[in-house]
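Okay, so here's the structure we're looking at.
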Amino acid sequence: MTLPPPPFGSAGEHLLQQQLGTADRAARFYDQQVRPCLTPEMRDFIGRQAMVFLATADSHGECDASFRAGPPGFVHVIDDHTLAYPEFRGNGVLASAGNMTENPHLGMLFVDFTHHHVGLHVNGTARLYTDTGLRSLHPGLPTDVAPGRSPEMWVHLSVEEAYIHCSKHIPHLEPAPRSTSHDASRPKDTDYFTGPRDGAGQAQRAQSALQRPR
């Protein structure tokens with residue numbers, strides 16, 4: 001007798017569950033924790049979050065992870081099956097949105113590091129809309145998501161599954177005020193990992209290397 005496939009999860013994870021003997025434990029997780037839509041508690045949780053991690057892949061399956069942040073509730077819950085969040089002007093690369101044009105599958109991970117220390121996975125199918133286009137479908141979208149900034153586009157997610165991320169190893173972080181003044185010691189974003197590209201910068205790095213103890 002062939003059993004029907006589990007309602008959630010990929011073929012790959014089910015195969016590994018069988019090989020490692022975790023199928024029964026996984027089945028309990030699917031049954032007790034995974035939902036095909038957002039529960040009222042999930043909706044409330046999302047409405048309190050000020051950041052989310054994104055997982056996308058292009059048509060070849062090459063992955064990218066990214067991060068979005070905004071005022072609490074910047075990810076707007078439209079209904080039990082639908083989320084939307086704004087994309088603002090950035091570096092112009094559009095890596096995540098570009099992946100969605102090739103492969104609409106989007107994974108979102110919300111993590112509360114400060115209060116309940118729990119996470120929420122939301123997976124589904126994404127579609128890009130202009131601000132005007134999405135508002136014509138959902139007039140209730142917030143109009144001032146980030147003061148002084150206008151969305152270049154919106155990401156609309158049709159939710160397919162949502163489930164908890166175990167709180168066991170989520171660290172506790174204390175919110176700190178963000179400085180409004182310029183910190184001269186803080187390098188520019190472009191210098192954090194690549195460093196200065198001019199001759200003076202190269203000479204400085206060479207001199208530092210010579211002064212390091214051997």
Side-chain angles (χ1 to χ4, degrees), residues 5-11 30 33-116 118-165:
F8 297 106
S10 68
Y30 294 139
Q33 302 291 351
V34 186
R35 298 291 179 265
C37 62
L38 302 174
T39 66
E41 294 79 10
M42 292 174 179
R43 295 176 60 166
D44 182 66
F45 180 82
I46 292 169
R48 298 194 306 268
Q49 303 312 303
M51 59 182 169
V52 64
F53 300 93
L54 306 178
T56 61
D58 65 16
S59 59
H60 301 289
E62 297 184 1
C63 301
D64 187 73
S66 193
F67 169 82
R68 296 291 183 274
F74 79 101
V75 177
H76 180 64
V77 179
I78 295 176
D79 56 42
D80 293 353
H81 296 271
T82 318
L83 296 177
Y85 70 87
E87 288 279 9
F88 297 105
R89 177 182 172 87
N91 58 16
V93 175
L94 301 170
S96 297
N99 282 346
M100 293 176 210
T101 66
E102 298 183 39
N103 177 353
H105 298 289
L106 170 63
M108 305 177 75
L109 174 60
F110 300 87
V111 184
D112 179 349
F113 292 102
T114 60
H115 294 90
H116 299 290
V118 69
L120 175 66
H121 294 260
V122 182
N123 299 327
T125 302
R127 183 175 177 182
L128 305 180
Y129 283 89
T130 64
D131 186 64
T132 302
L134 191 56
R135 288 185 190 282
S136 67
L137 297 174
H138 302 288
L141 285 178
T143 57
D144 195 17
V145 181
R149 304 181 70 189
S150 299
E152 287 197 327
M153 67 182 79
W154 285 81
V155 175
H156 173 282
L157 182 75
S158 297
V159 176
E160 296 173 355
E161 62 178 18
Y163 57 93
I164 193 172
H165 184 94

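Numbers here are sequence positions counted from 1. Everything quoted here is computed from the prediction, not taken from an experiment.
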Say you draw a straight line from [atom1] of [X] to [atom2] of [Y]; how long is it, rounded to the nearest 0.5 Å?
| X | Y | atom1 | atom2 | value |
| --- | --- | --- | --- | --- |
| Arg43 | Asp79 | CZ | CG | 6.5 Å |
| His121 | His165 | NE2 | NE2 | 5.0 Å |
| Glu102 | His60 | CD | NE2 | 6.5 Å |
| Thr56 | Asn103 | OG1 | CG | 8.0 Å |
| Thr39 | Leu120 | OG1 | CG | 8.0 Å |
| Met100 | Thr125 | CE | OG1 | 11.5 Å |

Close side-chain approach of [X] and [Y], heavy atoms under 4.5 Å:
| X | Y | value |
| --- | --- | --- |
| Leu83 | His76 | no |
| Pro151 | Phe88 | yes |
| Arg68 | Ser96 | yes |
| Pro142 | Phe74 | no |

TODO: Have a look at Leu38 and tell me which of Met42, Arg35, Glu41 forms a side-chain contact (heavy atoms from CB on, under 4.5 Å) with it.
DONE: Met42
Open item on the list: In terms of relative ring orientation, are Phe45 and Phe110 parallel, tilted or perpendicular, with 30° and 60° separating the classes?
Closed with: perpendicular
- [ ] Please report the C-alpha distance between Met108 and Val75 in whole Å, then the side-chain angles of each, then the deciding distance to 0.1 Å, and finally whether the side-chain contact (heavy atoms from CB on, under 4.5 Å) criterion is met.
- [x] CA-CA 11 Å; Met108 305 177 75; Val75 177; 4.2 Å; yes
TODO: Could you give me the CA-CA distance, side-chain angles and deciding distance for His138 and His156, then say whether ring pair (Phe, Tyr, Trp, His ring centres under 6.0 Å) is met?
DONE: CA-CA 11 Å; His138 302 288; His156 173 282; 5.8 Å; yes
- [ ] Establish, from distance only, whether the side-chain atoms of Asn123 and Glu160 form a donor-acceptor pair under 3.5 Å.
- [x] no
Open item on the list: Can you tell me if Arg135 has over 12 outside heavy atoms packed within less than 6.0 Å of its CZ?
Closed with: yes
Open item on the list: What verdict does the side-chain contact (heavy atoms from CB on, under 4.5 Å) test give for Leu141 and Tyr129, after you've listed the backbone C-alpha separation in whole Å, the side-chain angles of each residue and the deciding distance to 0.1 Å?
Closed with: CA-CA 13 Å; Leu141 285 178; Tyr129 283 89; over 6 Å; no
